[in-house]
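Everything on this sheet refers to the single structure shown next.
Hydrogens, waters and symmetry mates are skipped; everything else that's a heavy atom, side chains included, is used. Since the model is a prediction, treat every value here as computed from it, not as a measurement.
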Amino acid sequence: MATQPSDLDGVTESCPECTRDTTHKVRVELRTESSKQENSQFSREPYRVATCMDCGNETTQRMNNA
């Protein structure tokens with residue numbers, strides 16, 4: 001028997017690949033924006049990463065536009 005994801009399992013939002021509203025897994029991750037090793041720990045920024053549960057398409061958005 002297939003189970004449907006609950007509200008706690010994901011967020012419903014528009015998927016540009018599926019061209020419809022689907023359930024997404026959403027997480028926040030720190031990404032290093034500097035390509036230089038020196039002082040790279042100071043160039044980390046939070047990104048919102050959403051992965052479509054239907055097609056696997058991943059979208060990212062920088063959360064801090066300084």
Side-chain angles (χ1 to χ4, degrees):
M1 182 172 153
T3 59
Q4 295 296 322
S6 70
D7 290 339
L8 299 176
D9 290 336
V11 176
T12 301
E13 56 187 56
S14 180
C15 176
E17 246 349 90
C18 296
T19 63
R20 59 189 168 88
D21 288 347
T22 59
T23 304
H24 287 69
K25 287 270 188 189
V26 178
R27 67 184 187 279
V28 174
E29 62 182 52
L30 292 176
R31 294 190 173 184
T32 302
E33 295 183 335
S34 176
S35 58
K36 299 177 184 176
Q37 285 286 41
E38 186 178 307
N39 297 326
S40 64
Q41 70 269 23
F42 301 113
S43 70
R44 294 181 296 179
E45 293 293 335
Y47 278 78
R48 179 186 189 273
V49 181
T51 305
C52 178
M53 302 280 285
D54 287 355
C55 71
N57 183 52
E58 186 174 279
T59 56
T60 60
Q61 179 180 7
R62 187 174 192 241
M63 296 178 67
N64 196 1
N65 287 328

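Hydrophobic side-chain contacts under 4.5 Å tie Met63 into a cluster, directly or through other members, with Val28.
The shortest heavy-atom contact between Gly10 and Thr23 is CA-CG2, 3.9 Å. For Cys18 against Asp54, the heavy-atom pair with the smallest separation is SG-CB, 4.2 Å. Nearest heavy atoms, Pro16 versus Thr59: CG-CG2, 4.1 Å.
Taking CG of Asn57 as the reference point, atom NE2 of His24 lies at 7.0 Å (rounded to 0.5 Å). Summarising the geometry, atom OG1 belonging to Thr60 is positioned 8.5 Å from atom CD belonging to Glu29; distances are rounded to the nearest 0.5 Å. Note that the CZ atom of Arg48 and the CG atom of Asn64 stand 15.5 Å from one another [nearest 0.5 Å].
Summarising the local packing, CD of Glu33 is surrounded by more than 12 heavy atoms from other residues, nucleotides or ligands at distances under 6.0 Å.
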**OP:** Applying side chain to side chain contact (heavy atoms under 4.5 Å, CB included), run through Thr22 and Met53 and close with a yes or a no.
**Re:** CA-CA 7 Å; Thr22 59; Met53 302 280 285; over 6 Å; no
